[in-house]
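Read the structure below first, then the notes.
What you see is a predicted model, and the numbers here were worked out from it, not measured in a lab.
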2 protein chains.
Amino acid sequence: MSLILQNIAKHIALTVKEQELFLSKIEIQHFNSKTILAQSGQVCKNSYFVNSGIVRSFNINDNIVEHIMTFACAGWWISDMYSLISQKPGDLFIEVLEDAEIIVLSKENQEILYQEIPKFERFFRILIENSLVANQERLMDNLSLSAEERFEKFQNKYGDLQHKIPQKQIASYIGVTPEFFSKMKNRLLKR
Amino acid sequence: MSLILQNIAKHIALTVKEQELFLSKIEIQHFNSKTILAQSGQVCKNSYFVNSGIVRSFNINDNIVEHIMTFACAGWWISDMYSLISQKPGDLFIEVLEDAEIIVLSKENQEILYQEIPKFERFFRILIENSLVANQERLMDNLSLSAEERFEKFQNKYGDLQHKIPQKQIASYIGVTPEFFSKMKNRLLKR
DNA sequence: AATTCTTCTTAATCTAGGTTAAGTGACAAA
DNA sequence: TTTGTCACTTAACCTAGATTAAGAAGAATT
């Protein structure tokens with residue numbers, strides 16, 4: 001539970017009362033692997049903060065091909081921002097990859113937090129700024145780097161996550177087919 | 001001048017006094033085409049709001065290849081978010097493509113606005129949320145769509161901008177070489 | 001008017017990564 | 001124990017888009 005308070009304390013200072021109010025607005029839940037937290041075609045109602053376990057978000061295009069938007073491990077927030085903001089049906093799935101303890105913050109409670117503790121505007125602004133920066137970097141990487149270089153960046157960003165998830169999901173994240181990823185990985189091992 | 005007040009009014013309501021305070025914190029400047037507003041390797045000190053004209057941000061990788069992050073036309077904000085937030089040297093250039101009237105908001109004044117009119121936390125949070133969503137969509141498009149489809153999306157997003165800028169910059173935005181773009185365009189015309 | 005730059009084009013050739021297909025091993029269900 | 005499913009591999013072949021190079025036409029400098 002302290003993980004999320006630490007996460008908040010990095011950016012804003014809450015009084016004890018504010019902490020209590022915040023805690024009253026969230027819910028801790030345990031989800032098993034393969035649980036779907038949000039679905040393409042439906043309105044996303046929550047933000048999720050991962051206490052433990054692994055979660056991913058991805059979309060599926062016409063072809064049945066999955067593309068991973070992001071992974072979230074302990075200490076990360078995850079949601080379908082488009083759907084959450086617009087309250088229209090989104091096109092992301094959010095799925096638990098490894099049994100997880102997750103803090104659920106509903107959209108309504110988030111709005112209430114903004115009203116009751118305006119500092120949370122700042123907190124979430126900073127969170128989103130950081131996501132935006134990370135996302136812009138990833139976009140540029142996809143425009144200018146080779147698959148090998150993108151894999152290297154993935155490794156730096158996610159550390160040992162690579163050994164906890166099926167490798168076809170790493171392929172999907174860096175934007176290549178599982179077959180090509182397998183070939184590439186072997187090429188790298190032989191060096 | 002009213003353009004930026006409209007832009008703000010879309011998300012937060014300011015009193016007349018607050019409007020005046022805001023206006024005292026910004027500066028209107030006119031820049032000619034080719035002016036560089038921010039440079040790779042330097043700390044970005046401002047956010048820019050385009051009143052008229054066209055601006056772009058891009059980076060240059062080892063090879064001398066440019067990759068366009070975004071275009072900004074009248075009514076759009078543009079900056080190097082990474083550098084602006086972290087106040088470390090960035091890797092984007094921001095350049096005027098067509099003579100422009102631009103509102104300059106310095107990082108310091110932006111921080112002052114947050115303090116004096118906390119509603120601005122909300123305003124910029126919403127702006128950044130929208131950028132994040134747009135950026136995530138573009139990332140997914142780059143992972144899953146062909147060059148042709150990405151061009152179509154560019155056209156939908158930027159309308160007649162395509163006739164105001166050199167076509168090699170469209171190529172750079174969608175992530176192909178100018179040669180390939182030229183070929184592709186002719187293929188499309190022949191349909 | 002001549003020169004230089006820049007943008008755009010065309011075409012030949014090349015390659016990173018995709019597609020298809022077949023096979024292996026691990027493990028879960030029946 | 002068999003059947004199925006899933007993750008991964010290997011290999012042959014294919015293609016979107018890159019690279020290289022050359023030339024044309026307009027715009028900008030001299």
Side-chain angles (χ1 to χ4, degrees), chain A residues 32-34 36 54 56 58 60-68 71 93 95-99 139-154 161-191, chain B residues 32-36 54 56 58 60-68 71 93 95-99 140-154 161-191:
Chain A
N32 291 326
S33 179
K34 295 185 185 168
I36 301 289
I54 305 172
R56 67 165 178 155
F58 63 100
I60 301 185
N61 73 4
D62 345 295
N63 313 336
I64 323 171
V65 181
E66 288 181 10
H67 289 283
I68 292 185
F71 298 104
F93 293 82
E95 184 200 24
V96 177
L97 282 185
E98 190 183 76
D99 294 6
L139 177 61
M140 284 297 142
D141 289 349
N142 273 281
L143 289 174
S144 60
L145 304 183
S146 67
E148 251 175 55
E149 292 168 313
R150 277 176 272 142
F151 177 46
E152 208 178 304
K153 286 241 180 180
F154 165 84
L161 176 65
Q162 86 179 273
H163 304 301
K164 296 182 186 162
I165 59 178
Q167 91 178 219
K168 63 182 228 176
Q169 300 203 2
I170 304 175
S172 163
Y173 180 88
I174 68 173
V176 296
T177 58
E179 293 85 353
F180 181 76
F181 185 80
S182 174
K183 184 159 67 171
M184 184 181 86
K185 202 192 64 181
N186 272 38
R187 206 163 58 209
L188 289 174
L189 284 175
K190 275 172 197 145
R191 295 214 189 120
Chain B
N32 291 327
S33 178
K34 295 186 186 167
T35 308
I36 301 289
I54 305 172
R56 67 166 176 153
F58 63 100
I60 301 185
N61 72 7
D62 345 297
N63 314 335
I64 322 172
V65 181
E66 287 181 12
H67 289 281
I68 291 184
F71 297 105
F93 292 83
E95 184 200 23
V96 177
L97 282 186
E98 190 184 76
D99 295 5
M140 284 297 143
D141 289 349
N142 273 281
L143 289 174
S144 60
L145 303 182
S146 67
E148 251 174 56
E149 291 168 312
R150 276 176 273 142
F151 177 46
E152 208 177 305
K153 286 241 177 179
F154 165 85
L161 175 65
Q162 88 180 271
H163 305 299
K164 296 182 187 162
I165 59 177
Q167 88 179 221
K168 63 182 228 174
Q169 301 203 2
I170 305 175
S172 163
Y173 180 89
I174 68 174
V176 297
T177 58
E179 294 85 354
F180 181 76
F181 185 80
S182 172
K183 183 160 70 174
M184 184 181 87
K185 202 193 63 182
N186 271 40
R187 206 164 58 208
L188 290 174
L189 283 175
K190 275 172 197 145
R191 294 213 191 123

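In the helix from C:dA2-D:dT29 to C:dA30-D:dT1, the rotation axis of the first five pairs and that of the last five pairs differ in direction by 40°, rounded to 10 degrees.
Side-chain atoms of A:Asn32 never come within 3.5 Å of backbone atoms of A:Asp99 as a donor-acceptor pair (strictly under, hydrogens ignored).
Note: CZ (B:Arg187) to P (C:dA11) measures 14 Å, nearest angstrom. Between the P atom of C:dA16 and the CG atom of A:Leu145 lies a distance of 15 Å, rounded to the nearest Å. The distance from atom CD of A:Glu149 to atom P of C:dG17 is 9 Å, rounded to the nearest whole Å. B:Ile174 has its CD1 atom 12 Å from the C1' atom of D:dA16, to the nearest Å. As rounded to whole Å, 13 Å separates atom P of D:dA16 from atom CG of B:Leu188. Spacing between atom CG of B:Asn142 and atom P of D:dA16 amounts to 17 Å, rounded to whole angstrom units.
To the nearest 0.5 Å, atom CG of residue A:Asp141 and atom NZ of residue A:Lys153 are 4.0 Å apart. A:Phe58 contributes atom CZ, which lies 14.5 Å from atom CG of B:Leu143 (distance to the nearest 0.5 angstrom). Taking CG of A:Asn61 as the reference point, atom CG of B:Leu145 lies at 7.5 Å (rounded to 0.5 Å). Note: B:Phe93 CZ to B:Ile36 CD1 = 7.0 Å, rounded to the nearest 0.5 Å. Put simply, CZ on A:Phe71 and CD on A:Gln162 are 11.0 Å apart, with the number rounded to the nearest 0.5 Å.
Among residues two or more places apart in sequence or in another chain, the side chain to side chain donor-acceptor pair (under 3.5 Å) test is passed with B:Glu95 by B:Arg56. Scored by the side-chain contact (heavy atoms from CB on, under 4.5 Å) test, B:Ser146 finds B:Glu148, B:Glu149 as partners (sequence neighbours excluded).
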Restricting both atoms to N or O, compile the protein contacts to nucleotides 25-30 of chain C shorter than 3.5 Å, with distance only.
none

Can you give me the N/O atom pairs linking the protein to nucleotides 8-10 of chain D at distances under 3.5 Å, or say none if there are none?
residue : atom : partner  : partner atom : Å
D:dC8   : OP1  : A:Gln167 : N            : 2.9
D:dC8   : OP2  : A:Gln167 : N            : 2.9
D:dC8   : OP2  : A:Lys168 : N            : 3.0
D:dT9   : OP1  : A:Lys185 : NZ           : 2.8
D:dT9   : OP2  : A:Gln167 : OE1          : 2.6
D:dT9   : OP2  : A:Ser182 : OG           : 2.8
D:dT9   : O5'  : A:Ser182 : OG           : 3.2
D:dT10  : OP2  : A:Asn186 : ND2          : 2.9

Mind listing the side-chain donor-acceptor pairs of residues 163-186 of chain B below 3.5 Å, one per line with the distance, residues two or more places apart or on another chain?
residue  : atom : partner  : partner atom : Å
B:Ser172 : OG   : B:Glu66  : O            : 3.1
B:Ser172 : OG   : B:Ile68  : N            : 3.1
B:Thr177 : OG1  : B:Phe180 : N            : 3.2

